[in-house]
J.: 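I am attaching a structure below and will ask some questions about it afterwards.
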Amino acid sequence: MSELKISSNEAPRWVTELNSPPAYKAPSSKNVFPDPPGYPSSQTSSRKKDSAKDAKAAQRKAPTPEEMDTLKVKKAWEVALGPIKGLPMTGIMMYMSGNSLQIFSIMMVFMAFKNPIMGILGTNQAFERFETDTNKAKIVQVKLAYVLMQLVALALGVWKVNNMGLLPTTRSDWLAWETQREPLEHAVPAL
């Protein structure tokens with residue numbers, strides 16, 4: 001027990017350091033410990049970043065018009081193939097909604113027709129930012145692919161309407177326009 005006795009006038013070291021923290025030492029040019037691998041000091045890394053930015057700015061040159069046209073055509077292809085990327089999810093949702101007439105399936109069919117039609121009508125607006133005088137022929141090909149993708153999306157809507165039984169595809173759907181057959185012979189039952 002006598003070993004655990006602490007003098008009452010002396011506080012523990014951590015209490016004295018907490019009450020009077022040591023004076024702040026500015027970081028010296030000589031680090032006591034070297035920087036860990038992959039973590040350079042902030043002073044040297046900021047200098048390296050500045051020099052790297054200057055080097056990149058000096059190395060980078062303005063793209064030529066041919067390069068810009070190629071880039072614009074690539075971006076136009078991304079826009080043209082955009083409608084087809086959402087078709088698998090739309091198809092699964094249409095399949096899972098069932099073939100009965102419910103509000104959810106009706107909304108799905110409405111959106112399946114509205115989006116492609118609005119896309120076809122807005123084809124020129126979708127590609128006007130990519131079109132230049134030198135790449136008009138390539139953009140026409142991209143526009144045709146875009147319209148084709150919208151027609152595929154429209155066909156998905158037609159498939160759903162057909163599965164719901166709303167398309168008149170059977171003979172019984174057209175009975176009102178059929179004429180009654182004239183019999184070749186009449187049979188009279190005998191009494």
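By convention here, the first residue in the shown sequence is residue 1.
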J.: Working to the nearest 0.5 angstrom, can you tell me the gap between Thr170 OG1 and Asp173 CG?
T.: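 These two atoms lie 3.5 Å from each other.
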J.: For side chain to side chain contact (heavy atoms under 4.5 Å, CB included), just list the numbers for Val161 and Val158, CA-CA rounded to whole Å, side-chain angles, deciding distance to a tenth of an Å, and then say yes or no.
T.: CA-CA 5 Å; Val161 169; Val158 170; 5.7 Å; no
J.: Indicate the atoms forming the closest heavy-atom contact of Met94 with Ala112, along with that distance.
T.: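 Looking at all heavy atoms of both residues, the closest pair is CE-CB, 2.8 Å.
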J.: Yes or no on side chain to side chain contact (heavy atoms under 4.5 Å, CB included) for Gln102 and Ser97, after CA distance, side-chain angles and deciding distance?
T.: CA-CA 9 Å; Gln102 300 169 1; Ser97 68; over 6 Å; no
J.: Is the shortest side-chain heavy-atom distance between Asp133 and Lys136 below 4.5 Å?
T.: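 They are in side-chain contact.
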J.: What are the two closest heavy atoms between Pro183 and His186, and how far apart are they?
T.: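 What the structure gives for the nearest pair is CG-CE1, 3.6 Å.
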J.: Contact between Glu10 and Val15 at the side-chain level, heavy atoms closer than 4.5 Å - yes or no?
T.: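 Counting from C-beta outward, Glu10 and Val15 never come under 4.5 Å.
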J.: If you look at every heavy atom in Arg129 and Ala126, which pair is closest and at what distance?
T.: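 Reported closest heavy-atom pair: NE-O, 4.3 Å.
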J.: Hey, could you give me the OG1/NZ distance between Thr64 and Lys61, rounded to the nearest 0.5 Å?
T.: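 So the gap between those two atoms works out to 7.5 Å.
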J.: Under 4.0 Å between a Lys/Arg side-chain N and an Asp/Glu carboxylate O for Glu17 and Arg13?
T.: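 Arg13 and Glu17: salt-bridged.
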J.: Indicate the atoms forming the closest heavy-atom contact of Gln150 with Pro83, along with that distance.
T.: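 For Gln150 and Pro83, the tightest heavy-atom pair comes out as NE2-CG, 3.3 Å.
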J.: Do Phe113 and Leu121 sit in the same hydrophobic cluster, where Ile, Leu, Val, Met, Phe, Trp and Tyr count as joined when their side-chain heavy atoms come under 4.5 Å apart?
T.: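 Both belong to a single hydrophobic cluster.
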J.: Any donor-acceptor pair under 3.5 Å linking the side-chain atoms of Thr132 with those of Asn135?
T.: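 Judged by distance alone, the side chains do pair up.
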J.: Charged N to carboxylate O below 4.0 Å: is that the case for Arg171 and Glu178?
T.: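 A salt bridge links Arg171 with Glu178.
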J.: With clusters defined by side-chain heavy atoms of hydrophobic residues (ILVMFWY) lying less than 4.5 Å apart, directly or transitively, does Leu154 cluster with Leu167?
T.: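 Yes, same cluster.
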J.: Under the criterion side chain to side chain contact (heavy atoms under 4.5 Å, CB included), I'd like the reasoning laid out for Phe130 against Val79: C-alpha separation, chi angles, the key distance, then a yes or no.
T.: CA-CA 10 Å; Phe130 303 118; Val79 171; 3.8 Å; yes
J.: Rounded to the nearest 0.5 Å, what's the gap from CD1 on Ile120 to CG on Asn115? Could you check?
T.: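 Taking CD1 in Ile120 and CG in Asn115, the distance rounds to 11.5 Å.
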J.: Quick check: is Leu101 connected to Ile103 through a chain of hydrophobic side chains (ILVMFWY, heavy atoms under 4.5 Å apart)?
T.: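 Different clusters: Ile103 never reaches Leu101 through Ile, Leu, Val, Met, Phe, Trp or Tyr contacts under 4.5 Å.
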J.: Identify, with sequence neighbours excluded, every residue that meets side-chain contact (heavy atoms from CB on, under 4.5 Å) alongside Thr123.
T.: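 For Thr123 the side-chain contact (heavy atoms from CB on, under 4.5 Å) partners, ignoring immediate neighbours, are Phe127, Lys143, Tyr146, Val147.
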J.: Measuring from atom CD1 of Ile92 to atom CG of Leu87, what distance do you get when rounded to the nearest 0.5 angstrom?
T.: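 Going from CD1 on Ile92 over to CG on Leu87, the span is 11.0 Å.
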J.: side-chain hydrogen bond (donor to acceptor under 3.5 Å, both in side chains) between Asn19 and Thr16: does it pass, once the steps are laid out?
T.: CA-CA 5 Å; Asn19 291 336; Thr16 55; over 6 Å; no
J.: Side-chain heavy atoms under 4.5 angstrom apart, residues restricted to Ile, Leu, Val, Met, Phe, Trp, Tyr: same cluster for Met89 and Phe104?
T.: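 They do share one cluster, since a chain of ILVMFWY contacts under 4.5 Å joins Met89 to Phe104.
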J.: Report the distance from atom CE of Met107 to atom CE of Met93, rounding to the nearest 0.5 Å.
T.: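 Output value for this atom pair is 9.0 Å.
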J.: Working to the nearest 0.5 angstrom, can you tell me the gap between Met108 CE and Leu156 CG?
T.: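 It is 8.5 Å, given to the nearest 0.5 Å.
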J.: Going through the checks in order, is the side chain to side chain contact (heavy atoms under 4.5 Å, CB included) test met by Lys75 and Glu78?
T.: CA-CA 5 Å; Lys75 291 293 183 182; Glu78 289 178 16; 3.9 Å; yes
J.: I'd like to know if Leu144 and Met149 are part of one continuous hydrophobic network [Ile/Leu/Val/Met/Phe/Trp/Tyr, side-chain heavy atoms within less than 4.5 Å].
T.: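 No: no chain of side-chain contacts under 4.5 Å links Met149 to Leu144.
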J.: Looking at Trp77 and Val142, would you say the former's side chain and the latter's main chain have a donor-acceptor pair under 3.5 Å?
T.: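 No; zero donor-acceptor contacts below 3.5 Å.
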